[in-house]
2 protein chains.
Amino acid sequence: MKTRKAPTPAPPTLLARLRQQGLRVTPQRRAILGLLSAGHGHFTAEDVYQHISPGMPDVSRTTVYSTLRDLVERGELTEVADPGAEAVRYDTNTALHHHLVCLSCHALLDIGRDFPGLRLTGKEAAGYQITRHQVTFLGYCPACLASRPAQPTGDA
Amino acid sequence: MKTRKAPTPAPPTLLARLRQQGLRVTPQRRAILGLLSAGHGHFTAEDVYQHISPGMPDVSRTTVYSTLRDLVERGELTEVADPGAEAVRYDTNTALHHHLVCLSCHALLDIGRDFPGLRLTGKEAAGYQITRHQVTFLGYCPACLASRPAQPTGDA
DNA sequence: TTCCTTGCAAACAGTTTGCAGTCAT
DNA sequence: ATGACTGCAAACTGTTTGCAAGGAA
């Protein structure tokens with residue numbers, strides 16, 4: 001999709017940022033980061049591996065895992081909390097946002113805004129230093145709703 | 001703590017509820033449910049196993065896992081979402097509440113109230129049937145704060 | 001008696017690690 | 001040239017499954 005356009009000056013990409021942190025830019029990392037930068041998605045390590053394998057037959061899962069871990073450590077990626085999920089999913093959107101998750105198929109949607117009033121009292125915080133908060137809406141996606149015997153509309 | 005008081009009529013306990021659903025009450029289940037009912041905690045399967053092993057040397061992890069799964073399926077237990085956690089943690093508090101989690105040691109605190117305004121617009125919900133929501137506050141617990149080189153107070 | 005439940009052992013999925021060769025710098 | 005990075009294979013952890021014996025109803 002990106003076929004040698006005019007020589008635009010390279011923006012301070014994820015790649016550039018990592019290079020500055022002393023990480024070496026290898027073809028594998030280039031591929032992984034390229035995928036992650038391509039759009040805001042939620043990938044599992046396996047997803048990443050499958051996506052880049054075609055164009056890079058030699059990649060190993062090991063490298064994918066280690067690169068993802070490096071990115072998380074550097075705050076360029078966050079892990080998505082999803083009970084019942086088989087594998088860890090990584091979120092390329094590190095800005096404050098929330099999620100809507102399907103309890104059945106684990107489809108994941110971003111909710112790109114924050115909600116006011118999500119603050120704990122000093123007592124509730126119990127000495128914790130809170131760095132962020134995350135709201136997860138749980139439910140059933142349209143597809144799963146269609147193939148289910150109608151969920152009760154909720155009893156609470 | 002509960003040492004044979006006056007013969008109060010047995011309340012509709014977890015145990016009773018399960019019996020009604022056709023589940024058989026075995027000593028193993030009695031032990032597991034006893035632990036879970038004892039207080040509102042957050043256990044991993046291994047935790048449960050370790051807790052009941054002393055008084056019941058024959059329990060197997062298999063039974064613990066299968067019982068926990070049954071309980072989740074029946075809505076008597078919920079899985080706690082915690083990115084970075086090694087194992088699934090089960091929450092005996094199925095009422096609407098939220099969590100405060102330590103990013104370092106994964107200590108988990110209940111926030112026993114809801115927050116107003118946590119509703120998605122129809123557009124945001126995108127056809128999902130939302131059944132519940134969950135707020136997770138992430139940060140560092142006092143203990144981890146003490147053993148860390150002072151976290152930045154937060155840049156946002 | 002019936003068949004749900006248990007526990008063992010083996011299977012599994014996701015992820016991590018040890019190590020020697022390779023490559024970015 | 002140097003040491004970070006890679007990839008293979010094996011190790012590991014948490015969890016699930018197959019199956020025969022056992023126990024609740």
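Lettering of chains follows the sequences in order, A, B, ..., and the numbering in each one begins at 1. Heavy-atom basis, side chains included; hydrogens, waters and symmetry copies ignored.
- Proximity of Thr26(A) to the phosphate of dT6(D): a side-chain N or O atom is located under 4.0 Å from OP1 or OP2.
- Whole-Å rounding puts the Leu15(A) CG to dT25(C) P distance at 9 Å.
- When rounded to the nearest whole Å, the span between CG of Leu68(A) and P of dT15(C) equals 9 Å.
- Between Glu73(A) atom CD and dA4(D) atom C1' there is a gap of 15 Å when expressed in whole angstrom units.
- Between the CG atom of Asp58(B) and the P atom of dG23(D) there is a distance of 10 Å, given to the nearest Å.
- Ranking dT2(C), dG7(C), dC5(D) by closeness to the Thr62(B) side chain, first place goes to dG7(C).
- Side-chain contact, Asp70(B) with Thr67(B): no donor N or O sits under 3.5 Å from an acceptor N or O.
- Side-chain atoms of Arg24(B) and base atoms of dC3(C) include a donor and an acceptor less than 3.5 Å apart.
- At dT5(C), one or more side-chain N or O atoms of Arg29(B) fall inside 4.0 Å of OP1 or OP2 (strictly under the cut-off).
- A donor-acceptor pair shorter than 3.5 Å cannot be found between the side chains of Thr63(B) and Ser66(B).
- His98(A) and Asp110(A) form no side-chain donor-acceptor contact under 3.5 Å, judged by distance and modelled atom types alone.
- Phosphate proximity of dT15(D) to Tyr65(B): present, with a side-chain N or O under 4.0 Å from OP1 or OP2.
- Of the candidate nucleotides dT6(C), dG14(D), dT25(C), dT25(C) has the atom nearest to the side chain of Arg19(A).
- Looking at Arg17(A) and Glu76(A), a side-chain N of the basic residue comes within less than 4.0 Å of a carboxylate O on the acidic one, giving a salt bridge.
- Along DNA chain D, the nucleotide nearest Arg69(B) and the nucleotide nearest Ser60(A) are compared for position; the residue whose nucleotide lies closer to the 5' end is Ser60(A).
- When the P atom of dC4(C) is taken as reference, atom CG of Leu18(B) falls 16 Å away, rounded to whole Å.
- Remark: aromatic rings of Tyr65(A) and Tyr90(A) are distant, center separation not under 6.0 Å.
- In terms of phosphate contacts, Gln28(B) brings no side-chain nitrogen or oxygen within less than 4.0 Å of OP1 or OP2 of dG23(D).
- In this structure, CD of Glu86(B) is placed 11 Å from C1' of dT16(C), rounded to the nearest angstrom.
- Distance, Ile32(A) CD1 to dC5(D) C1': 11 Å, rounded to whole Å.
- The side chain of Val25(B) lies closest to dA25(D), out of dG7(D), dG14(D), dA25(D).
- Mapping Leu23(B) and Glu46(B) onto DNA chain D via the closest heavy atom, the residue that lands nearer the 5' end is Glu46(B).
- If you measure from atom CG of Leu33(B) to atom C1' of dT5(C), you get 14 Å, rounded to the nearest angstrom.
- Within the 4.0 angstrom heavy-atom criterion, no nucleotide atom of any strand lies near Pro57(A).
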